[in-house]
Amino acid sequence: MCEEEEVYCPELQDTTQGKSLGKTCMKCKESSAVLLIRAGDAFCKSCFKEYFVHKFRATLGKNRVIYPGEKVLLAFSGGPSSSAMVQQVQEGMSRDAPKKLRFVPGILFIDEGTTCGMSHEERQQNMSEVQNVLQQTGFPFYIVSLEQVFSLPGSILQRGVPEQRANYKQEVDRFMVQQQAQGETGCSDILENLAKLGVNVSESSRESDKMFQSTCRHPPDTHTQKLIQLFASAKTLTAKHQLLHTLRSHLILHIARTCGYSKVMSGESCTRLSVSLLSNISLGRGAFLPLDTGFCDSRYGDVDIIRPMREYSLKEIAFYNRLFHVSSVFIPALNTKVLENSSIQQLSEVFINRLQADFPSTVSTVYRTSEKLNVSKIDANQGTCAKERCLLCLSPLDTQVGEASAFHATQISHYISQKILMKFNDPANSSGKSCCQEGKCCKGPGYGDFCQPRALQAPSFVDMLCYGCRLTVKDLQSLDALPQYVLHEAEHRSRRIEMRKEIEEFLLDKDEENLH
Amino acid sequence: MPVNCSSCEERRAVLRRPKTGHSLCKDCFFHAFEEEIHHTIVSAKLFNPGEKVGIGASGGKDSTVLAHVLKVLNERYAYGLDLILVSVDEGISGYRDDSLETVKRNQQQYELPLKIVSYQELYGWTMDQIVKQVGLKNNCTFCGVFRRQALDRGAMMLGVNKICTGHNADDIAETVLMNFLRGDIARLRRCTSITTGSEGAIPRCKPLKYAYEKEIVLYAYFKKLDYFSTECIYSPNAYRGHARAFLKDLEAIRPSSIMDIIHSGENLSVKEDVRMPVQGTCTRCGYISSQSLCKACVLLEGLNRGLPKLGIGKHHKLHHKLLSQEPLSEQEERKLKAVDF
Ligand SMILES: [Zn+2]
Ligand SMILES: [Zn+2]
Ligand SMILES: [Zn+2]
Ligand SMILES: [Zn+2]
Ligand SMILES: [Zn+2]
């Protein structure tokens with residue numbers, strides 16, 4: 001293989017507990033190196049730290065999506081990657097940081113213990129461990145149980161309105177002027193400053209903190225039972241994973257919205273993202289790769305998901321955490337203790353790791369491939385359906401594709417395999433060319449269903465989903481176990497679409513997003 | 001316990017469809033399989049009446065089933081196509097003899113004309129001679145590149161308008177995965193399109209694009225079609241092998257994975273600012289190529305000059321020398337001569 005060497009995700013040579021390699025650091029040319037990045041690049045401890053910190057700042061800096069004074073929610077799972085992310089934010093907020101980060105952080109931990117059958121006691125123990133770690137950060141934090149999805153409002157599945165922002169530079173200037181006007185005292189705490197500016201950080205979040213903590217301490221037993229039922233109704237582990245991911249995303253969005261956070265930081269490493277890329281392709285989510293794995297995911301409109309750890313490899317993170325004593329909390333998850341072939345997500349992970357062992361450029365190559373992808377043009381298509389979004393993942397629907405597509409071919413296969421609405425071998429109504437035009441299909445009357453624009457019929461629950469979410473829902477025994485907010489929003493949407501159809505001829509701007 | 005066919009609900013089911021999981025009787029399966037291909041052909045507007053269509057026939061299951069189904073559909077739906085089998089003889093002793101026999105039998109069974117084009121006739125080299133010079137490790141580069149062109153050149157000789165190949169859904173899903181893992185954005189973008197080929201070249205299409213490999217085997221089995229197993233006898237490239245194994249595992253977990261991956265591939269879109277290689281034509285043979293010399297011509301040049309490595313690595317810088325028939329420097333020669341086995 002003559003692949004180019006890549007610098008994104010350096011493959012680290014694991015050395016024993018930071019002992020010297022007998023080489024000199026290639027950066028400072030003085031200290032002895034403690035680790036190797038890829039072939040030959042030896043770093044000493046302090047240069048590695050500089051490199052690691054710089055990467056975090058550079059990732060945020062080059063993308064320029066976080067505005068000064070903005071509230072940013074750090075999604076913390078307890079794992080090494082999100083622990084390192086929280087630590088990087090702390091680092092950037094510390095008094096001696098060269099260029100302080102100027103946003104206002106808060107941390108969110110979601111307890112998902114119920115989904116992997118943990119007892120109440122085990123969950124309590126995990127949560128108090130998490131609490132100990134988070135308390136030390138000095139940031140406001142929220143610990144919430146996944147059960148809370150059963151009290152979400154239907155509006156969570158509606159796209160929010162993006163806040164109007166001036167351009168980045170103007171915002172920064174404005175912030176600086178305000179700071180100066182407040183008589184900034186050299187190294188005063190940024191939180192205090194923001195409090196003075198009227199961003200009521202500590203109190204508001206402490207209040208909501210209490211609110212969430214109280215619900216999390218004792219999620220109602222009925223909710224726990226519902227959650228257990230919901231996961232039991234998923235027939236495959238693959239669907240359970242997707243379901244968990246979906247519910248978690250909704251809950252994060254909910255907390256962010258109710259507590260006034262307009263950005264969420266998610267800590268996926270590039271190793272993790274490569275696995276997601278592969279499993280998402282396998283799960284029919286190809287159209288959404290840039291949303292599901294890109295640096296900034298703005299599908300929700302008012303809250304953006306940001307992935308600042310995406311240029312670190314897992315090994316790099318593990319090494320950093322070990323060298324600089326960043327503690328993480330081990331929390332069992334859905335895929336703990338299962339065979340490698342039990343789910344598509346798990347299979348993808350095992351596959352990427354093995355391939356990475358054979359071809360050390362795998363992760364960085366996959367990562368680079370994803371950088372060249374764009375949110376599919378389906379968004380830009382004409383017509384009202386263009387702006388319809390998946391009920392569950394809020395991605396622009398990828399099911400408005402032509403006849404000649406995998407999506408359509410699959411429907412035909414299912415259709416042919418179970419009904420007898422057409423005559424066999426009937427060459428009478430087959431010109432071979434007029435298929436699917438003007439409602440007349442070469443396949444006889446039975447095929448008409450596929451050839452008529454679907455939008456004319458009342459949309460069912462499944463019709464409101466993207467290709468990938470349909471696969472997940474297909475693996476559910478019934479829709480009844482889904483939380484109320486999902487079913488409510490589906491009903492709501494269906495009514496809006498019906499209504500729209502009635503008045504369509506009177507609407508002047510057909511493209512207007514008015515489905516919610 | 002016997003299960004009834006889920007389609008006609010009368011006859012006994014004899015198989016479970018790998019694609020959908022439904023239990024079907026033989027007739028309903030044949031019907032479903034053929035109709036789905038018909039739908040693919042019609043919805044993607046693959047053919048026009050009166051066209052001469054070459055079917056790439058290797059004697060393997062995919063092309064055997066393709067030839068059979070195209071023949072059936074052409075009659076059933078009066079496509080008005082002039083079908084012809086095109087076969088390539090690489091000149092691998094022992095290996096092709098049986099498969100070419102199969103193709104010849106198919107020709108008689110389906111009453112389709114057959115043209116066999118040989119490497120010897122096209123390139124002046126048989127595959128056996130090539131292997132002798134380049135060694136086993138690198139010959140797949142040769143057989144892939146030469147085979148692609150052989151079909152085109154053969155088709156051109158026959159005045160064919162379109163070429164059909166037997167690529168099935170598994171092949172396409174596998175290619176999506178492979179190109180993704182290799183970071184080959186240009187191929188990733190092209191590999192799910194059902195028709196390929198740019199100006200000047202004969203368009204190629206894949207009517208079996210949405211047909212599962214396992215169903216192709218089932219179809220051949222129940223139709224008692226005669227085919228020869230023609231997996232490439234040399235090891236496939238490493239990434240393809242991995243991608244194939246991964247796809248098999250995926251299919252075992254969720255049978256729709258194959259279609260799901262194709263759906264993903266069809267809906268990927270590439271950023272506009274990503275540079276795509278410009279398609280041109282080979283200055284020597286006129287075949288489509290992003291370089292001034294196509295891969296086959298470079299490989300041939302290498303073989304003829306006794307420098308087999310020429311076409312294997314990336315040696316674009318040497319192309320002008322090859323074009324102007326200039327001799328290579330001693331250093332360049334040394335680099336290209338050594339073949340590691
Ligand atoms: Zn150093
Ligand atoms: Zn979705
Ligand atoms: Zn039947
Ligand atoms: Zn080969
Ligand atoms: Zn050429």
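Each chain gets a letter, A, B and so on, in the order the sequences are listed, and its residues count up from 1. Model, not experiment: these values are computed from the prediction.
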Interchain contact, [X] with chain A, by part (heavy-atom threshold 4.5 Å):
{"X": "B:Leu250", "result": "both"}
{"X": "B:Leu177", "result": "side chain"}
{"X": "B:Ile262", "result": "both"}
{"X": "B:Ile194", "result": "neither"}
{"X": "B:Tyr210", "result": "side chain"}

### Task
Give the intermediate values and the outcome of ring-ring contact (aromatic ring centres under 6.0 Å, His included) for residues B:Tyr219 and B:Phe30.
CA-CA 7 Å; B:Tyr219 187 83; B:Phe30 291 156; 5.5 Å; yes
### Query
Cation over ring, B:Lys162 on B:Phe47, under 6.0 Å and within 45°?
no
Side chain from CB out, backbone as N, CA, C, O: work out which of these in [X] comes under 4.5 Å of a heavy atom of chain B, or both, or neither.
{"X": "A:Leu289", "value": "side chain"}
{"X": "A:Leu355", "value": "side chain"}
{"X": "A:Leu471", "value": "both"}
{"X": "A:Ser343", "value": "backbone"}
{"X": "A:Asp475", "value": "side chain"}

### Query
Relative to the ring of B:Tyr79, is the ring of B:Tyr77 parallel (under 30°), tilted (30 to 60°) or perpendicular (over 60°)?
parallel
### Query
What orientation do B:His22 and A:His414 show, parallel under 30°, tilted 30 to 60°, or perpendicular over 60°?
perpendicular
### Task
Would you please say whether a donor-acceptor pair under 3.5 Å links the side chains of A:Gln345 and A:His241?
no
### Query
So, B:Arg244 and B:Glu174, do they make that salt bridge, N to O below 4.0 Å?
yes
#### Entry: Candidate pair B:Asp260 and A:Tyr467, rule side-chain hydrogen bond (donor to acceptor under 3.5 Å, both in side chains), full reasoning
CA-CA 8 Å; B:Asp260 301 343; A:Tyr467 186 100; 2.7 Å; yes
### Task
Please determine, among B:Leu24, B:Leu181, B:Ile172, the option with the most heavy-atom pairs under 4.5 Å with chain A.
B:Leu181
### Message
For a side-chain hydrogen bond (donor to acceptor under 3.5 Å, both in side chains) check, start with the C-alpha distance between A:Arg310 and A:Tyr367, then their side-chain angles and the critical distance, and finish with the verdict.
### Response
CA-CA 9 Å; A:Arg310 64 200 305 273; A:Tyr367 177 83; 3.0 Å; yes
### Task
Quick one: which of A:Ser342, A:Ser370, A:Ser274, A:Ser405 has the most heavy-atom pairs under 4.5 Å with chain B, could you say?
A:Ser405
#### Entry: Heavy-atom pair count under 4.5 Å with chain B, highest-scoring of A:Leu278, A:Thr236, A:Leu237
A:Leu278
#### Entry: Heavy-atom side-chain proximity of B:Val53 to B:Leu46 below 4.5 angstrom
no
